[in-house]
Amino acid sequence: MLWAVTTTSQPHVDPPGQPAAGDSATLQGAGRGETPGAAPLRRSGDAAHAEPRRSSWAPGRVNLIGDHTDYNEGTALPMAVDLGVLMHLYPDPETSILSITSDAQSAPAEIDLTALDIGENLSRVTPFWARYIAAVCTVMGGVRSGGTLEITSTLPAGAGLSSSAALEVATALAFGYEGDPMTLALLTQRAEHVATGVPCGIMDQLTVAAATPGNGLLIDFHTMSLAHVPIPTSVDVVVIHSGERRSLAAGHYAERRAECEAAAVSIGPLGLASRLDLPALADPVLRRRARHVITECERVRDYARALSSGDLIGAGQLMFESHRSLAEDFEVSTPALDAMVEVLRDTPGVRGARLTGAGFGGCAVALADHGARIGEAAERYRQIYTPSTRSAAWSASLAGRYWIVEPSAGAQLIS
Ligand code: GLA
C-alpha cells in the first residue's frame, strides 16, 4: 500500500528540522515544522506551450495514540511529520499522457488520463504505485491534461507513516484542488479506496491535509471535529522502524474492520460505546476487538489532557497501555513490534512507546526526553530481534532506523 522510497543502509538520527538522508536537493532548508521551500527549478526540455509549474508538498503522519478508532466513530491524536512528498507538475495541455518520475522508483510511469475510469481501468494501471496518482485524477474528475510529474519523497518505506496519503493529497493539490482540508481528505480517502481496495478510515488523509505546526490533531470521527493540541517541546517524538514492511492489502485490515462492524450491530458504533456494553457481545473475539476500541478512545481523551497539562509520565503510560491493547485485544502487533516496544520501555528517558498506524509491521512511536539514547536502544533491538522465519517483508537495513520528527504543517501548494 505504501509509497516506497530508497533508504540508506545505516540507521541515523536526522537533526530536527533537517531533511532525512536520501533527500533530494529540493527538500533542503526545511525549518521546524515548516513546509520545505522548493527553489524554482527549470526542467530541461520544457515545451514552449507548457503551463507554469505547480508544486505541492504533503507530509506523512505519525499517530501518537488512537489506532483503529477512525472507522469506528472514535477519536485519535495523530500529527503530521517533517518527512513527506514533494511534487512538481509541468502541465502540458497538448497531451493526455502523464509521465511520472520518482526518486523512489527505478523506472518512470505513464498514465493516459483519458483512459481512466473508476473501478474499471484502474486495475490496469501499472506499476502499482502509479495507481494512487491515477485514482486521485479519477476522483477529482475532469483531469485530462497530461505533462510531467516529478516526485521526491523523504518518507520511509512500508513504515505506517501514511506515505500513500501524502502522495494522494500532494497529487490533488498539484492538479488544482481548491477547497477545505476536510473535503480534500474525503476526496483523497476515496482515491485510496479506489487505488487499493482497502477500506481505510480517514485519519491519514485528514492529518496530512489539516495538521498545524507544533500540534497534534485531536480528531473526533463521530462529529468530525478537530482540535489542535500542542506537543510539549520538552520531549522528542521518535519514530523507529521494526524492519518489517507493512502492507494492508493482505486483508487483515479489512478483516478487523468487518469484526468491528459485526460488534457494532449489537452495541452501536464502538467509538460511542462504553465498557458497560461489552457483556452484550457473546463472541469473545468481537468482545476483545470492541474492548480495544472503547478503551483506546478513553486513552486518547486522557492523553490529550496529559499532554496539555505536561504530564509526560501519564502520557507515556497511556502509550504503553495502547500498545498492549493493540497487541492483545486487537491483535495487530507483531513479535518485532512487541520487542521494539519492550526495548524502548527499558530505555532511560523514554516516556512511552507503542506501535503506530494499522500495525502488522511498520514503526513504533515513542515520546522521549531530549538526549535519550535512542541509538543505543535501536542497536539493542537489532541484537535481540531477528525474524524467526525468512520474511519477504523483513529489511535488515530498516530495522532500528529512526527519526526524530517535528509536529508539522499539513499539505500545501507551494507554487
Ligand atoms: C491505516 C488507515 C487509517 C487507520 C489506521 C489505524 O493507517 O489508513 O484509516 O484506520 O490504519 O488507526
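When reading the values below, keep in mind they use all heavy atoms of this one structure, side chains included, and skip hydrogens, waters and symmetry mates. We number each residue from 1, following the sequence as shown. Both ligands and their constituent atoms are indexed starting at 1 by order of listing. Just so it is clear, the structure is predicted and the values come from calculations on it, not from any experiment.
With respect to the salt-bridge test (charged N to carboxylate O, under 4.0 angstrom), the residues Arg257 and Glu261 qualify. In summary, Asp302 and Arg299 do not engage in a salt bridge, as defined by a charged side-chain N under 4.0 Å from a carboxylate O.
In this structure, Tyr402 has its ring center no closer than 6.0 Å to that of Tyr381.
Considering backbone and side-chain N/O of Cys200, none are found under 3.5 Å from N/O of ligand 1. In terms of polar-atom proximity, Thr69 is not counted as a contact of ligand 1, lacking any N or O under 3.5 Å from an N or O of the ligand.
In summary, the atoms of ligand 1 found under 4.0 Å from a heavy atom of Tyr71, numbered by their order in the structure, are 10 (O). Near Gly201, the atoms of ligand 1 lying under 4.0 angstrom from a non-hydrogen atom of the residue are 9 (O). Counting atoms of ligand 1 from 1 in the listed order, those under 4.0 Å from a heavy atom of Asp70 are 3 (C), 4 (C), 9 (O), 10 (O). For ligand 1, the atoms closer than 4.0 angstrom to any heavy atom of Ala358 are 1 (C), 6 (C), 11 (O). Shown in contact with Met203 at under 4.0 Å from a heavy atom are these atoms of ligand 1, numbered in order with element: 4 (C), 5 (C), 12 (O). Distances below 4.0 Å separate heavy atoms of Asp67 from the following atoms of ligand 1: 6 (C), 12 (O). Taking a cut-off of under 4.0 Å to the non-hydrogen atoms of His68, the atoms of ligand 1 that pass are 6 (C), 12 (O).
A heavy-atom separation below 4.0 Å is found between Arg61 and ligand 1.
Asp70 places a side-chain N or O within 3.5 Å of a backbone atom of Ile202 that can act as its donor or acceptor partner. Of the possible donor and acceptor atoms, none in the side chain of Glu296 sits under 3.5 Å from a partner among the backbone N and O of Thr69.
Results of the salt bridge (Lys or Arg N to Asp or Glu O under 4.0 Å) test with Glu331 over Arg291, Arg256, Arg289 single out Arg289 as the only residue that passes.
Atom CZ of Arg373 sits in a sparse spot, with 12 or fewer heavy atoms from other residues, nucleotides or ligands closer than 6.0 Å.
Taking all heavy atoms of Phe360, Phe330, Tyr253 into account, the minimum distance to atom 10 (O) of ligand 1 is reached by Tyr253.
Judged by the 6.0 Å distance and 45° axis criteria, Arg288 is not positioned over the aromatic ring of Phe330.
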